[in-house]
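A short worksheet on the structure shown next.
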Amino acid sequence: MAAEQIIFILVAAVTLGAAISVVTSRNLIHSALWLILALFGVAIFYVLLDAGFFAVIQVIIYIGAIAILFIFAAMLTRRVMQETGPQSNSTWWLGALIAVLLFAGIALIFVNWQGFTTTASDLTNPGGRIVQLGLALVSPDQYLLPFELASILLVAAMIGAIYVAGEKKQ
Amino acid sequence: MIPLSWYLIFAAILFCVGLYGVLVRKNAIGILMGIELMLNSININLIAFWRYRASDGIAGQAFAIIVFAVAAAEVAVGLALIISIYRRRSSVVAEDMNLLKW
Amino acid sequence: MSTESIIWLIPLPPLLAFFLIVLFTNRRKALSHSLAVGAAILSWFGSMVVFFRAIRTEHLGLNPFESVINWLPTGDTWFQIGVRVDPLTAATLFFVAWTVLMIFIYSVGYHNFGQPKGDHDKAGLQPHGATIEDEHGHKHKAPSIEPMYSRFFAFIGLFAFGMYTLVVSNNLLTLFVGWEIMGLCSYLLIGFWYQKPTARAAMIKAFLTTRVGDVFMLLGIAYLYTSVGSLSYTDIFKPETLQKLGSTPAVGGFLGLSAAALIGILLFIGTVGKSAQWPLHVWLPDAMEGPTPVSAMIHAATMVSAGVYLIIRMYPLLRVGSEAGHLSPAMSVMAVIGTFTAIFAATIAVAQNDIKRVLAYSTISQLGYMVAALGIGAYVAVAFHLITHAFFKALLFLGSGSVIHGVEHGVLHTGEEVDPQNMFNMGGLRKKMPITFWTFLIGGLALSGFPIITAGFWSKDEILAEAFGNGHWVVFTVLAIAAFLTAFYTMRQITLTFLGEPRTESAQHAQETPWTMTLPLIILAVFSITIGWAGISESFPVIGGILPNIVHEFIGGTLLEAPEILPFNIWPLLISVIAALGGLSLGWLVYRNQKEGAEDPLKMALGPIHTVLKNKYYFDELYNTIFVRPAYWVADNFTNQILDRGIIDGILHFIARVASNVGHVFRNYFDKPVVNGFGDFVGEGVKKFGRSIKIIQTGKVQQYLLMALILAFGAMFYFVFTFLQH
């Protein structure tokens, strides 16, 4: 087994373990912390996939912003959730069943797909990919429009979040 | 050396775990965490496909960038909503938000 | 304007007046009577224009004013109708126009136009007077205006239309149309005061009796049409047609008569009904229930004259089969019935006390005269007598109406309860109602045939002369006796009404009637005197020849061969003068001292015969038993109970029951369970389904997502399996 494979398996196990803990942990803060670990694992995967840029973005945005946001929200709503009762609702078995079935279905589909076991080909121009990505995002004949739309989406979400969560002046 | 299948299986498992979290967690913030997991698994899928099948182009990466942005926006708004609900009803249990019933 | 166009237009103004009054102006009395009188004036004017043009035309009989239009398509040809004015028509138009106009004007006053509404007057009853209070608070009763004022003028307008149509038509069909319209109006007008039971009975009696005559007449018309193929006079009176009708035997060899004779007799039966000859005379006296202008118009001047007009018109047909000295069957029948009726009615008139009844029987008698005269072939004399009779009889009736009005005024004034129409309650009215008196006297003298100065003398004398001259002795004698009786009862009437002293308080307080009633009397009186001078026979001693015998020349020209003028004979003249003067003097002598409450001297003279005469020979009772009661019995028992209620109603009830049952079955077995059930089922089903489904809407997001995923799984499995099968 090559070194990559060993790293992959290790990181996958950690990430999955963290993910499972996210959804089963009784304490919400614990869930948030497990989430951070999971996100870290995902960032390492990005590195393995020769998408270093994304790894950095993952760490900065997901872990640095979103996870922090989760912790803030958990702390802001903490008063009620002092007692850590069961975190699963009454029909948890159905959810588990569905998740398992979904996985089975997806796996089944993938197994029957002929491109399932391809191996990676070599990258051309490994160094200039960032520049390529940057240019793609601002070129009118490439992905400028989605980029701008995403900007508008972020502005809207920002305004919306501020308005919804803002204190109403009585 | 690592076949595509490993990444895809991994992403699938991660997705299903996230789905389980969405369906089962009582706390609304827990549900959002589950959603985050799902989004991440999608991103991995996208990048994996890009790397193994279309690495000459940029489409996969661009798509993944957009997904990042959307995930961030969605979390912001979702948490703002949860906080607003918490302020009204002093509860973040998803099962208690059932005003739209018959 | 061409004469033919005027002739077409003559009947129309009264018809228009009828429609306008009925549809629009019924509430406005002044407007209604203006419309009616205006229409009468228009028709009068048209008739006068036509008349004057007619008398100035040479040989009008050979070239009458005629105008036809195609009316009904009958196979290859057209049934044509039209108008025709020959000398007979022109003369008839003359007297019809004048009498109708006078009666229209008279009706305005008769129905008390200008008077206040009555206290208790209801539509359908005679007006009973209004109480008027003057400035001093004195109340007295005055005559009140007729409540159904406009309706009267509408009806007489329609009637005038019918009469004019009959006179100007050139064929039997439109004549019959006019005939029937007049029958209808007679019915409506006799029963004008329809709330009175006697009036109702009288109107039905009149209509049904004339109907009997009309049925036979219609048979005659139909037979004529099938034999000749046309009903227009020009076609019927062609010599070849008459010849053919005279030689074909009647259908079924009826009594050995020829077709012409049978048709003639059938048509004559129509006249028997319409002109109230025996045996169909019973309706005319009862018709006096109608207002007096009605009696004047219908039963003196126009409608009954229409019957005589018909037989004069059809004379060429009726004459077929009469050789020299030997009358045709139709003419014999006419002579017999006419003579009998003349004497029959005269005898009844002698015993009547009601002023209008006397005049009614007098009309019947005079019409008998005319029918008898035509029966013996005195064509011109009959037409002449028709004209003069119309004028003086209308005058007498209008005069009697004026008398009744005057006495009624006295009745209202004194409050006495007497019959204002009974002559024995009158007397001395010559001082109270002078104009009425003098005009009535002139009319009465004309009726009696007072020599020289009255028109009736000239016409009656001519009839008697014709009878005498052609050797019909029986007819002559009977008609002479009838003339005597006529003079007698006329003078009786005048003496009882006007001469002597008033026999009741009401007569004491009688008053002359307004100018709308007296003016027509004066005009008609003038005609009653002067019209006779147009027909003085040329061979009359002394005065014959001063004026040409216009009547004979003009009317005689209607026939294809002019009737011969008889040489003058003194005997009929003498006998007629003696009969007239004798009757008049006897009448005056017997009644001049009639006292209040005294018995009729005639009663003592005739005894039981008087009772028979007074009860009209009991003909009404006879007809009642033979015809009327059985008819009512059949109508009630058979037609009403069995046919109408039993069979027809039975069928209808049966159909109704079947329909109802079918409906019930449909309702209970189909409509309710199936249709309603289905509707209810759908509604209830949707409600139940909704109620059972709604529990899935829990409001919990995670459950929604679960359900979505479960369904998505279903889809996914389906796709997986199809995908796997590839």
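A, B, ... follow the sequence lines: proteins, then strands. Residue 1 opens every chain.
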Is any side-chain heavy atom of A/Leu49 closer than 4.5 Å to a side-chain heavy atom of B/Trp50? no

Step-by-step side chain to side chain contact (heavy atoms under 4.5 Å, CB included) determination, A/Leu35 to B/Leu37: CA-CA 8 Å; A/Leu35 183 65; B/Leu37 285 175; 3.9 Å; yes

For A/Leu153 and B/Ala73, work out which heavy atoms get closest and say how close. CG-CB, 4.2 Å

Max heavy-atom pairs within cutoff under 4.5 Å with chain B, candidates A/Ile57, A/Leu137, A/Val111, goes to A/Ile57

Which atoms of B/Leu14 approach chain A - backbone, side chain, both or neither, heavy atom under 4.5 Å: both

Pair count under 4.5 Å, heavy atoms only, with chain A: among B/Val22, B/Leu39, B/Val77, highest is B/Val77

Quick check on the 6.0 Å ring-centre criterion: do B/Phe49 and A/Trp113 meet it? yes

For the atom pair CZ (A/Arg26) and CG (B/Asn27), what is the distance rounded to the nearest 0.5 Å? 14.0 Å

Close side-chain approach of A/Phe54 to B/Ile65, heavy-atom, < 4.5 Å: yes

What part of B/Ile31 is in contact with chain A, defined as an atom under 4.5 angstrom from a non-hydrogen atom: side chain, backbone, both or neither? neither

Minimum side-chain heavy-atom gap B/Tyr20-A/Ile98 below 4.5 Å: no

Among B/Ala71, B/Cys16, B/Gly21, B/Ala94, which residue forms the greatest number of heavy-atom pairs with chain A at distances under 4.5 Å? B/Cys16

If you tally heavy-atom pairs under 4.5 Å against chain A, which of B/Val70, B/Asn40, B/Ile83 wins? B/Asn40

If I measure from the heavy atoms of chain B, does A/Ile106 come under 4.5 Å with its side chain, its backbone, both, or neither? side chain

Quick one: closest heavy-atom pair of A/Ala150 and B/Ile66, and the distance? CB-CD1, 4.1 Å

Output for pair (A/Phe70 CZ, B/Met33 CE), nearest 0.5 Å, gives 6.0 Å

May I ask you to name which of A/Ala157, A/Ala51, A/Ser151 has the most heavy-atom pairs under 4.5 Å with chain B? A/Ala157

Check for me whether the distance between the ring centres of B/Tyr7 and A/Phe8 falls short of 6.0 Å. yes

Does some side-chain heavy atom of A/Val23 sit less than 4.5 Å from a side-chain heavy atom of B/Val24? no

How long is the gap from OH on A/Tyr46 to CZ on B/Arg51, to the nearest 0.5 Å? 15.5 Å

Between A/Ile61 and B/Ala72 the two heavy atoms that sit nearest each other are CG2-CB, 4.5 Å

Give, for atom CG of A/Leu102 and atom CZ of B/Phe15, the distance between the pair rounded to the nearest 0.5 Å. 6.0 Å

Structural part of A/Leu133 lying under 4.5 Å from a heavy atom of chain B: both

Would one find more than 12 heavy atoms of other residues, nucleotides or ligands at under 6.0 Å from atom CG of B/Leu100? no

CD1 (B/Ile2) and CD (A/Glu4) are apart, to the nearest 0.5 Å, by 5.0 Å

Straight-line distance of B/Ile9 CD1 to A/Phe103 CZ, nearest 0.5 Å: 4.5 Å

Can you check whether A/Leu135 reaches B/Ile58 side chain to side chain, under 4.5 Å on heavy atoms? no

By a 4.5 Å heavy-atom criterion (distance strictly below it), what part of A/Phe53 contacts chain B: side chain, backbone, both, or neither? side chain

Taking the side chain as every heavy atom from C-beta outward, state whether A/Leu94 and B/Leu23 have any atom pair closer than 4.5 Å. no

Select one option (side chain, backbone, both, neither) describing which atoms of B/Phe63 are under 4.5 Å from chain A's heavy atoms. neither

Is chain A contacted by the side chain of B/Leu79, its backbone, both, or neither, given a heavy-atom distance below 4.5 Å? side chain

At a 4.5 Å cut-off on heavy atoms, which part of A/Ala65 comes close to chain B: side chain, backbone, both, or neither? neither

Does any non-hydrogen side-chain atom of A/Ile66 lie less than 4.5 Å from one of B/Glu36? yes

Tell me, for B/Leu32 versus chain A, whether the close heavy atoms (under 4.5 Å) come from the side chain, the backbone, both or neither. both

Quick one: what part of B/Ala59 sits under 4.5 Å from any heavy atom of chain A, side chain, backbone, both or neither? both

Is A/Leu39 in contact with chain B via its backbone, its side chain, both, or neither, using a 4.5 Å heavy-atom distance? side chain

Under 4.5 Å to a heavy atom of chain B? For A/Ala67 that would be neither

Evaluate the criterion side chain to side chain donor-acceptor pair (under 3.5 Å) for residue pair B/Asn43 and A/Gln58; output intermediate values, then yes/no. CA-CA 10 Å; B/Asn43 258 341; A/Gln58 171 86 353; 5.3 Å; no

Identify which part of A/Tyr62 has an atom lying under 4.5 Å from any heavy atom of chain B, answering side chain, backbone, both or neither. side chain

With a 4.5 angstrom heavy-atom cut-off, could you sort out which part of A/Ser25 is near chain B: side chain, backbone, both or neither? backbone

If only atom types and distance count, is the side chain of B/Arg87 paired as donor or acceptor with the main-chain N or O of A/Ala165 below 3.5 Å? yes

